[in-house]
Structure formats: C-alpha cells, structure tokens
Protein chains: 2
Amino acid sequence: MIDLKNVKKIYHTGGEELIALNDVSLQIKKGEFTSIMGPSGSGKSTMMNILGLLDRFDEGSYILNGQNVSSLTDNESAHVRNKEIGFVFQSFNLMPRMSILENVELPMVYAKVSAKERHERAMIALEKVGLANRVKHKPNEISGGQKQRVAIARAIVNQPAVLMADEPTGNLDSKTTLEIMKIFQDLNADGTTVVMVTHEPDVAQYTKRIVSFKDGRLMDDQLVENP
Amino acid sequence: MIDLKNVKKIYHTGGEELIALNDVSLQIKKGEFTSIMGPSGSGKSTMMNILGLLDRFDEGSYILNGQNVSSLTDNESAHVRNKEIGFVFQSFNLMPRMSILENVELPMVYAKVSAKERHERAMIALEKVGLANRVKHKPNEISGGQKQRVAIARAIVNQPAVLMADEPTGNLDSKTTLEIMKIFQDLNADGTTVVMVTHEPDVAQYTKRIVSFKDGRLMDDQLVENP
Ligand SMILES: Nc1ncnc2c1ncn2[C@@H]1O[C@H](COP(=O)(O)OP(=O)(O)OP(=O)(O)O)[C@@H](O)[C@H]1O
Ligand SMILES: Nc1ncnc2c1ncn2[C@@H]1O[C@H](COP(=O)(O)OP(=O)(O)OP(=O)(O)O)[C@@H](O)[C@H]1O
Ligand SMILES: [Mg+2]
Ligand SMILES: [Mg+2]
C-alpha cells in the first residue's frame with residue numbers, strides 16, 4: 001500500500017539546512033496498523049505530511065496503492081488525497097467559520113456526493129466519535145478534545161484506503177482515547193490501512209507495529225505482541 | 001493566591017444553554033502545585049481561561065493574589081494578567097509572523113523591559129526548554145512539541161506569581177515531558193504557584209495536588225503522595 005524508498009527532506013530556514021528526513025525507507029502493506037513514535041522534532045509530522053501527499057520531498061520515491069506519487073502536481077495530489085487518504089492533523093485544522101457538520105461533510109463535497117447522502121454519512125461519523133449533539137457548533141465553541149474528535153470524523157467519512165493520524169489521542173482523556181482506538185481498530189478490521197503518530201506507549205499498544213524515528217532516521221521497527 | 005467561590009459559566013450557542021462550569025469553588029494557596037484533570041468537555045479549559053482572566057463568568061467571585069478580579073475591564077485584566085500570570089494555552093497561540101525569540105520577548109515588551117534585558121531573559125528561558133538553537137525560526141517552521149516549548153518559555157519569562165498551563169506536555173515525548181515537569185517543579189520550589197491541566201495521570205504525579213472535573217463540577221480533590 002505504502003512503499004517509501006530512500007526519502008530525504010531538507011528544510012532551508014534562514015540560510016541553514018536541516019535534514020528533517022534522512023534516507024527513510026518504509027513499507028506498509030494493505031491492512032496494516034502501524035504507529036510512528038519518536039522524540040519531539042525527530043521527523044514524525046514531516047513523515048506524515050509526505051505520506052499524506054501534503055508535502056514534497058527532495059530525494060527518493062513514494063508509491064501509494066500501486067501509483068507512483070513521487071512528483072504529482074498540486075491538482076493530482078489533491079485528487080489522490082481526497083480519494084485515498086483520510087488525514088487527522090496534529091493541530092486539528094478545522095474550518096473556523098463552518099459548523100461541525102459542515103466540516104465533516106467537506107471531503108464529500110469535493111467528491112461530489114449528494115447533499116442528502118453527505119448529511120447521513122456525516123451524522124454516522126459524528127455518532128461514532130460521540131459528537132452527534134454538537135453538529136451546529138463552530139470549532140471555537142468546543143473543547144480541544146472535541147475538536148480532535150471532529151477531525152477524526154472528517155477523516156473517516158470518505159472511507160479512505162489509508163487513514164493517517166498525527167497524535168489523534170493527544171488531547172483526549174483515557175476513556176475517549178479507548179473509544180477512538182476502538183474506532184481505528186474496527187476500521188482496520190474492515191480493511192483500512194491505519195498509520196498514526198503517537199508519543200504514548202500505551203496507545204501504541206493498540207496498534208500492530210511500531211516504527212521509531214530519531215533525528216530524521218527510521219531507527220526501529222517492531223511488531224506489537226498481542227495488540 | 002486563588003480564591004474562587006461558586007463560579008458559574010454558561011455558554012449560549014444557537015439558542016441552547018450549556019452550563020460549562022457549575023457552582024465551582026476552589027482555593028489554591030501561594031506556592032501550591034495543582035493539576036486539574038477530567039474527561040474531555042468537562043470544563044478544564046473553561047476553568048483555566050477564567051483563572052487566567054481571559055474570560056468572564058456569570059455568577060460567583062474570584063480573588064487573585066488578594067485582589068477582587070471578578071469584574072475587571074479589559075484593560076485592567078490585561079494589566080493584571082501581564083504582571084501576575086504566565087499562561088500556556090492548549091493550542092500554543094504563538095504569533096505566526098514573529099520569530100521564536102520575538103514571541104518569547106512579547107510579555108516583556110508590554111511590561112516595558114529594555115531591549116537588551118528582553119533579549120537576555122528570552123534566551124535564558126529558551127535554553128531552559130532546549131530551544132536556544134531555533135531562535136530565528138517562525139512558529140510554522142518548528143514541530144508541534146517545539147511550539148509548546150516556546151509557549152512555555154514565553155509564559156515563564158516575566159517571572160509570574162502564577163503559572164497556568166493547559167496541557168503543557170500534551171504534544172511532548174516522555175523525555176521532554178520530564179524536562180518540562182522539572183522546570184515547573186523548579187519554578188514551584190522558587191515560590192511560583194503552578195496550576196496545570198493534564199489528562200495524563202503519570203504527569204499529574206509530578207504535581208502536589210489533583211482536582212478533578214466532571215460535567216462542569218469539581219468532583220474530587222486529593223493530595224499527591226510523594227510527588
Ligand atoms: N466558546 C464556547 N461556546 C460554547 N460552548 C463552549 C465554548 N467553549 C467550550 N464550550 C463547551 O463547554 C464544555 C467545556 O469545554 P472545555 O473546553 O472547558 O472542556 P475541556 O475539559 O477543556 O475538554 P478537553 O479535555 O477536550 O480539552 C464543552 O462541552 C464545550 O463544548
Ligand atoms: N516548515 C519547516 N521549516 C523548517 N524546519 C521545519 C519545518 N517543519 C519542521 N521543521 C523542523 O524539522 C524537524 C522535524 O519536525 P517534525 O514536525 O517532523 O517533528 P515531530 O517528530 O513531529 O515533532 P513533535 O513530536 O514535536 O511534533 C524539527 O527539527 C523542526 O524544527
Ligand atoms: Mg509533530
Ligand atoms: Mg481543554
């Protein structure tokens with residue numbers, strides 16, 4: 001499903017060069033449930049942005065679901081993203097002027113789904129994350145954890161081939177964390193490939209494989225025993 | 001230091017009323033180190049915004065460091081906040097167009113500190129959080145955890161009477177979490193009152209007292225054994 005080879009990503013800031021990803025190779029098969037761990041600044045979000053076709057890289061190649069996506073145009077990336085990838089960002093990225101319901105419907109608008117079907121599927125997703133009673137609210141009228149749950153609902157609503165999540169349980173209490181990890185496990189059991197960043201070992205234990213980053217390199221790769 | 005009595009906060013959204021804080025009374029003495037826990041949506045950030053004079057409440061009273069702050073004007077709140085309170089938000093709230101260094105200097109600009117002293121004190125704070133090598137970067141050029149560390153540096157730079165932090169270690173790996181909690185413990189040992197929201201029991205163990213919210217009410221209040 002995901003075949004990354006020798007990927008290098010360099011940031012140029014104020015005359016300095018920072019190698020954010022250094023010769024990273026990673027294969028994730030269809031149906032896997034992989035977590036990405038590593039210290040602050042080790043390259044996890046950079047990796048997720050590249051996997052999610054939100055950012056380009058300087059060297060290497062990326063094949064997603066059989067298609068070479070190493071150098072797509074912006075339009076082509078947007079099209080593949082909408083069709084194949086559900087993305088939960090580290091900083092929510094909800095549209096502040098739209099209601100919760102409209103935010104969750106957004107990926108389906110791009111995919112030209114009918115208004116009636118959008119509404120139904122958005123409500124199902126919001127019920128899954130426990131927020132069906134907040135549909136008329138705006139993002140600045142809900143708590144941090146609630147924003148994150150809206151972001152998750154939005155990411156699953158187009159039934160993506162791959163669900164990518166950067167710290168999806170970062171702002172959630174333990175009870176909600178369990179509920180969200182169960183949703184991810186159910187999606188995975190249905191065939192969705194799931195890749196998530198987490199810095200909490202307890203959360204990684206709900207996944208099936210843990211890859212660890214350090215200073216922009218992939219340093220470790222382990223299966224989880226009894227996920 | 002903090003004396004909150006019978007505080008009630010109601011949000012009115014689209015015709016509905018939500019009691020976000022319901023008859024909350026809380027006393028925090030000078031020099032305490034208190035963590036606030038509770039499920040997603042239970043009122044923790046609402047509580048922190050009121051404690052930090054960033055938001056008003058509908059009933060009750062709030063005395064901060066001997067001063068009745070229940071109904072200050074916006075200018076008066078800004079003045080008390082800048083002088084007495086260091087605040088770390090749940091969503092960083094850094095100025096996107098300023099450099100890291102300028103962001104950390106900002107509270108001192110308001111307090112009319114000289115440019116030379118601002119620079120020195122900002123560098124000391126950034127070294128404490130391990131980011132002295134990122135001073136020229138902008139917020140969108142650093143990782144999630146790095147943003148949070150900049151926010152912490154900014155909160156401590158005016159040597160506030162009370163340091164308030166909403167999920168300060170939320171996006172940080174375990175090593176950085178320990179470093180940040182040690183900074184908070186050092187500040188507390190020097191006499192700073194610290195109040196922080198966390199959803200992680202391990203992190204709350206570094207504090208001295210845990211108050212728990214549920215559905216907008218204070219439900220529990222325990223000292224930590226052997227912090
Ligand atoms: N500006 C607002 N307008 C309307 N309702 C709000 C607003 N801010 C918060 N709320 C509601 O008030 C309740 C408490 O929110 P709060 O942000 O204090 O929760 P929290 O304990 O910080 O949650 P989390 O752990 O998810 O960050 C929630 O039900 C939320 O939807
Ligand atoms: N837009 C950018 N411009 C310049 N440097 C960047 C940019 N984004 C990230 N970096 C740098 O690249 C490195 C990796 O950042 P990244 O956001 O991938 O880390 P991370 O593992 O997600 O960290 P965290 O756990 O703190 O979120 C960091 O040193 C960061 O400062
Ligand atoms: Mg990150
Ligand atoms: Mg909150």
Side-chain angles (χ1 to χ4, degrees), chain A residues 11-16 18 20 37-46 48-49 89-92 94 99-100 129-131 133-149 166-167 169-177 179-180 197-203 212-214, chain B residues 11-16 18 20 37-46 48-49 89-92 94 99-100 129-131 133-149 166-167 169-177 179-180 197-203 212-214:
Chain A
Y11 285 118
H12 308 271
T13 322
E16 289 177 19
L18 180 97
M37 303 196 75
S40 181
S42 57
K44 307 179 297 295
S45 294
T46 303
M48 295 301 280
N49 288 339
F89 297 85
Q90 191 168 6
S91 51
F92 319 136
L94 301 177
S99 72
I100 301 302
V129 303
L131 283 176
N133 60 351
R134 285 277 188 282
V135 296
K136 288 271 178 293
H137 283 56
K138 299 266 187 319
N140 70 345
E141 295 169 348
I142 57 176
S143 73
Q146 289 167 341
K147 288 191 201 37
Q148 212 147 11
R149 285 186 268 156
D166 195 340
E167 299 279 358
T169 62
N171 282 332
L172 304 177
D173 59 85
S174 35
K175 172 163 170 291
T176 325
T177 292
E179 291 169 1
I180 293 300
V197 171
T198 180
H199 70 266
E200 292 179 61
D202 293 354
V203 170
S212 304
F213 275 80
K214 188 167 163 19
Chain B
Y11 285 119
H12 308 271
T13 323
E16 290 178 20
L18 181 99
M37 303 197 74
S40 180
S42 56
K44 307 180 297 294
S45 294
T46 302
M48 294 302 280
N49 288 339
F89 296 85
Q90 192 169 6
S91 49
F92 320 134
L94 300 176
S99 71
I100 300 302
V129 301
L131 282 176
N133 59 352
R134 285 277 188 282
V135 296
K136 290 268 177 295
H137 283 56
K138 299 264 187 318
N140 69 346
E141 294 168 348
I142 56 176
S143 74
Q146 288 167 340
K147 288 193 202 33
Q148 212 145 15
R149 285 186 269 156
D166 195 341
E167 298 279 359
T169 62
N171 282 332
L172 304 176
D173 58 87
S174 34
K175 173 163 169 286
T176 324
T177 292
E179 292 169 0
I180 292 301
V197 170
T198 180
H199 70 267
E200 291 180 63
D202 293 354
V203 170
S212 303
F213 275 80
K214 188 165 161 27

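Chain identifiers are assigned alphabetically (A, B, ...) following the order of the sequence lines, protein sequences preceding nucleic acid strands; residue numbering begins at 1 within each chain.
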Mind ranking [options] by heavy-atom pairs under 4.5 Å with chain A and telling me who comes out on top?
| options | answer |
| --- | --- |
| Lys44(B), Gln146(B), His137(B), Lys175(B) | His137(B) |
| Gly43(B), Gly38(B), Pro39(B), Ser174(B) | Pro39(B) |
| Lys147(B), Lys138(B), Glu200(B) | Glu200(B) |
| Leu172(B), Asp166(B), Ile142(B) | Leu172(B) |

Proximity breakdown for [X] and chain A, heavy-atom pairs closer than 4.5 Å:
| X | value |
| --- | --- |
| Gln148(B) | neither |
| Thr13(B) | side chain |
| Ser143(B) | side chain |
| Thr176(B) | side chain |
| Thr169(B) | backbone |
| Leu18(B) | side chain |

Check your understanding: Between Pro201(B) and Met37(B), is any pair of side-chain heavy atoms under 4.5 Å apart?
Key ->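 Heavy-atom side-chain distance check passes, below 4.5 Å.
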Review point. Tell me, do Gln90(B) and Asn171(A) make a side-chain contact under 4.5 Å, heavy atoms counted?
Key: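 When only atoms from C-beta onward are counted, Asn171(A) and Gln90(B) do touch, with a gap below 4.5 Å.
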Point to revise | Pairs of heavy atoms under 4.5 Å with chain B: top-ranked of Ser91(A), Ser42(A), Gly144(A), Ala20(A) | key: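 Most pairs with chain B among the choices: Gly144(A).
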Please give me the minimum heavy-atom distance between [X] and [Y], naming the atom from each residue.
| X | Y | answer |
| --- | --- | --- |
| Gly130(B) | Arg149(B) | O-NH1, 3.9 Å |
| Lys136(B) | Ser99(B) | O-CB, 4.0 Å |
| Ile100(B) | Pro139(B) | CD1-N, 4.3 Å |

Review point. Would you say the side-chain atoms of Asp173(A) pair up with the backbone N or O of Ser40(B), donor to acceptor, closer than 3.5 Å?
Key: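 Flag set: sc Asp173(A) to bb Ser40(B) pair under 3.5 Å.
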Review point. What residues form a salt bridge (charged side-chain N to carboxylate O under 4.0 Å, His left out) with Glu141(A), not counting sequence neighbours?
Key: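 Testing Glu141(A) for salt bridge (charged side-chain N to carboxylate O under 4.0 Å, His left out), a comparison that skips the adjacent residues, returns none.
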